[in-house]
Amino acid sequence: NALKYTSKFDLQNPTETKLLKTIEFEEKLNLCELFISSRNYQEALVCLLKIENYIQNNKVSQSQKSYFNYIYGIYFSHNQLFNNANSKFSKAIRLLEKNEGNIDFKLLSEVHKQLSLSLANSGNSDDAYLNLLKHNSYKSNFLNEEKVRQNLILKSKFHIEDYKNNAKKANSDRLLQLEIANKTKRINLIVIMALLLLLVSVVVIFIGYTTKRKLNSKLALQNKQL
């Protein structure tokens, strides 16, 4: 089903097209692996031959080639063709070791394990033992890488939580500052209104006082006249 959906895409972007080709290649390899694990060796061989033909006519990465040879080796090993299996596993190892800056220790460990089993079955116990040692060594590297990766994930989660807490605190502080600012504005408004009322009251009292004085002066003059 995955292959059917992949074949329906018609992408124009070169990057997306390349990514789709990689996904399609991995789908086919996974299908081969499933055929082998379900002992459907005829379908597995047809699938592997198609991929081999694709690799010969198209440019694929070193990691894809190495994984293909690893699966092909598994196929030969299941069919007890151990010399062929040894050849494919050895080729997969050479391809994996070429990616010096980006070695897939997990896959390299698994290939050495399968090669060790295949060599043991073909009667080469010394090389089988050496490959078993390499399997354990690369497995340790993989586990160390995984441990580092998990530590980085934990640190990232911690930093994210820390950032969230800081953002939450900053937001709370901002809301508090806004609340204080609003309260300050209300207090200032009340003070201004009180001052205005006081000023109006003073003006009214002053006008009343001056009016009263004028009226008293007028009354005093009229009393004098009377």
Side-chain angles (χ1 to χ4, degrees), residues 1-30 59-64 67 96 99-110 137-226:
N1 283 333
L3 282 167
K4 285 178 185 176
Y5 283 116
T6 308
S7 63
K8 288 180 181 179
F9 283 99
D10 184 22
L11 302 174
Q12 303 299 323
N13 187 303
T15 305
E16 290 180 343
T17 303
K18 185 179 178 182
L19 178 61
L20 190 67
K21 290 287 184 185
T22 302
I23 293 169
E24 186 179 14
F25 186 86
E26 289 175 358
E27 287 168 353
K28 289 177 179 177
L29 270 177
N30 291 336
K59 188 177 179 181
V60 296
S61 67
Q62 295 284 86
S63 59
Q64 288 174 328
Y67 194 68
L96 283 166
N99 290 336
E100 293 180 3
N102 190 27
I103 295 176
D104 187 344
F105 289 114
K106 184 179 180 181
L107 181 57
L108 194 54
S109 169
E110 189 60 31
S137 175
Y138 285 124
K139 187 177 180 180
S140 297
N141 288 334
F142 161 69
L143 291 174
N144 288 333
E145 273 193 347
E146 185 65 16
K147 188 176 179 181
V148 170
R149 191 177 72 84
Q150 290 298 330
N151 286 336
L152 286 172
I153 290 170
L154 286 173
K155 285 181 181 178
S156 298
K157 285 181 179 178
F158 173 77
H159 286 311
I160 289 167
E161 287 301 319
D162 194 40
Y163 170 76
K164 284 181 179 177
N165 291 333
N166 288 335
K168 191 175 181 180
K169 186 177 180 299
N171 190 48
S172 298
D173 291 343
R174 187 178 64 83
L175 291 173
L176 182 62
Q177 288 174 356
L178 284 171
E179 188 178 350
I180 292 169
N182 289 332
K183 283 182 179 179
T184 305
K185 284 180 182 178
R186 286 198 293 270
I187 291 168
N188 289 338
L189 185 62
I190 291 167
V191 170
I192 290 168
M193 289 177 68
L195 288 172
L196 285 172
L197 286 171
L198 181 63
L199 182 61
V200 170
S201 299
V202 169
V203 171
V204 169
I205 290 168
F206 178 75
I207 291 170
Y209 175 72
T210 52
T211 303
K212 187 178 178 182
R213 282 195 63 185
K214 286 179 181 178
L215 185 60
N216 285 339
S217 298
K218 191 176 180 181
L219 286 170
L221 180 60
Q222 287 179 350
N223 286 333
K224 189 178 181 181
Q225 288 175 351
L226 287 170

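Note that the structure is a prediction, hence the values are computed from the model and not measured.
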Tell me every residue that passes salt bridge (Lys or Arg N to Asp or Glu O under 4.0 Å) with Glu27, counting only those two or more places apart in sequence or in another chain. none
What distance do [X] atom [atom1] and [Y] atom [atom2] have between them, rounded to the nearest 0.5 Å?
X      : Y      : atom1 : atom2 : result
Ile180 : Leu176 : CD1   : CG    : 4.0 Å
Leu19  : Lys21  : CG    : NZ    : 12.5 Å
Phe206 : Leu199 : CZ    : CG    : 12.5 Å
Ile23  : Glu26  : CD1   : CD    : 7.5 Å
Gln225 : Asn223 : CD    : CG    : 9.5 Å
Ser201 : Leu196 : OG    : CG    : 10.5 Å

Less than 4.0 Å between a side-chain N and a carboxylate O, is that true for Glu179 and Lys183? yes
Of all heavy-atom pairs linking Lys28 and Leu3, the shortest is CG-CD2, 3.7 Å
Side chains of Leu189 and Arg186: closer than 4.5 Å at any heavy-atom pair? no
Pairwise side-chain contact, Val200 with Val204, heavy-atom cut-off 4.5 Å (strictly under): yes
Looking just at side-chain N and O atoms, do Arg213 and Asn216 make a donor-acceptor pair shorter than 3.5 Å? no
